[in-house]
Amino acid sequence: MAEVLVTLAAIVTCMAFLMVLWRFIKGPSPVDRIIAFDGLTIVSITGILFAALAAERGIYLDVALVYALLSFLGVIVVARFLERGF
Amino acid sequence: MAEFLDILGALLLLAGTIFLLLGGLGLVRMPDIYNRIQAGTKATTLGTLLSLIGVAFLHPEWSLKLLLIGVFLLFTNPLSSQVLARAAHRTGAHKSSSMIVDHLEDDLGEKP
């Protein structure tokens with residue numbers, strides 16, 4: 001029962017990833033693309049949670065933490081770049 | 001009892017991913033850039049937090065790391081949302097026919 005629900009949740013996460021990716025490719029302005037990039041990284045953190053659940057290894061959560069830190073820095077840097085020019 | 005906790009955790013995980021899906025749907029469907037920021041950051045924050053709580057029910061021994069990730073997301077997501085909104089206003093990418101009143105631009109214009 002629980003395994004079926006977790007598999008269903010993983011499929012829903014893949015659908016959410018594809019929808020955000022559509023906005024990332026289409027986005028008319030660069031700011032739209034950064035918003036979509038932020039969404040992609042947040043969805044990817046949930047994806048890493050599913051990888052940790054599938055492998056039964058808690059060490060993968062450290063990867064999720066570092067990934068969240070680096071993606072946050074990337075979003076801030078690109079947003080500052082768009083404001084100031086460089 | 002363990003079976004019940006497993007099913008509860010899986011249901012919370014599914015609810016969180018449904019919120020992620022709704023955030024993605026908002027990113028695709030919303031007409032304006034500020035509406036997209038709203039959908040793309042708030043809904044996904046709630047979805048990720050619900051997923052973290054669900055995984056904590058499934059594996060109670062991972063709770064500390066999951067709490068760390070959750071607190072970190074609670075700190076950083078509103079910050080990145082604010083920086084994105086400011087970048088949208090300063091680059092002028094937000095101008096569209098659906099946006100009529102812009103009090104921030106009026107305030108900036110009145111400054112000596």
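Protein chains get the first letters and strands the later ones, always in sequence-line order, with residue 1 at the start of each.
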- Item | Pair A:Val6-B:Leu58, side-chain contact (heavy atoms from CB on, under 4.5 Å): steps then yes or no | CA-CA 10 Å; A:Val6 170; B:Leu58 288 176; 4.0 Å; yes

- Task: Any chance you could lay out the side-chain contact (heavy atoms from CB on, under 4.5 Å) test for B:Leu13 and A:Leu5, step after step, and finish with the verdict?
- Result: CA-CA 8 Å; B:Leu13 195 57; A:Leu5 285 174; over 6 Å; no

Any side-chain heavy-atom pair of A:Leu53 and B:His59 under 4.5 Å
yes

Bottom line for B:Leu73: the part with an atom under 4.5 Å from chain A's heavy atoms is side chain

Could you walk me through whether A:Val20 and B:Thr44 pass the side-chain contact (heavy atoms from CB on, under 4.5 Å) check?
CA-CA 11 Å; A:Val20 184; B:Thr44 50; 6.0 Å; no

Honestly, the part of B:Leu22 sitting under 4.5 Å from a heavy atom of chain A is neither

Can you confirm whether A:Phe50 sits close enough to B:Thr17 that some side-chain heavy atom of one is under 4.5 Å from a side-chain heavy atom of the other?
yes

*Sub-4.5 Å side-chain heavy-atom contact between A:Leu49 and B:Leu66*: yes

Whatever's closer than 4.5 Å to a heavy atom in chain A on B:Ser81 counts as neither

Q) Does any non-hydrogen side-chain atom of B:Val55 lie less than 4.5 Å from one of A:Leu61? A) no

Looking only at A:Val78, A:Ile76, A:Asp62, the option with the highest number of non-hydrogen pairs under 4.5 Å against chain B is A:Asp62

Student check: side-chain heavy atoms of B:Ile33 and A:Asp32 closer than 4.5 Å: yes

B:Asn77 meets the side chain to side chain donor-acceptor pair (under 3.5 Å) criterion, sequence neighbours left out, with B:Thr45

Highest number of heavy-atom pairs under 4.5 Å with chain B among A:Ala16, A:Ala9, A:Ala10 belongs to A:Ala9

Counting heavy-atom pairs under 4.5 Å with chain B, the top scorer among A:Leu8, A:Leu18, A:Val4, A:Leu21 is A:Leu8

Those residues at least two apart in sequence (or on a different chain) that pass side chain to side chain donor-acceptor pair (under 3.5 Å) with A:Thr13 are none

One option among A:Ala64, A:Gly39, A:Gly58, A:Ala79 has the most heavy-atom pairs under 4.5 Å with chain B, and it is A:Gly58

Heaviest contributor of heavy-atom pairs below 4.5 Å to chain B, chosen from A:Leu69, A:Ile45, A:Ile11, is A:Leu69

message: Taking the side chain as everything from C-beta on, heavy atoms only, tell me whether B:Arg86 gets closer than 4.5 Å to A:Arg80.
response: yes

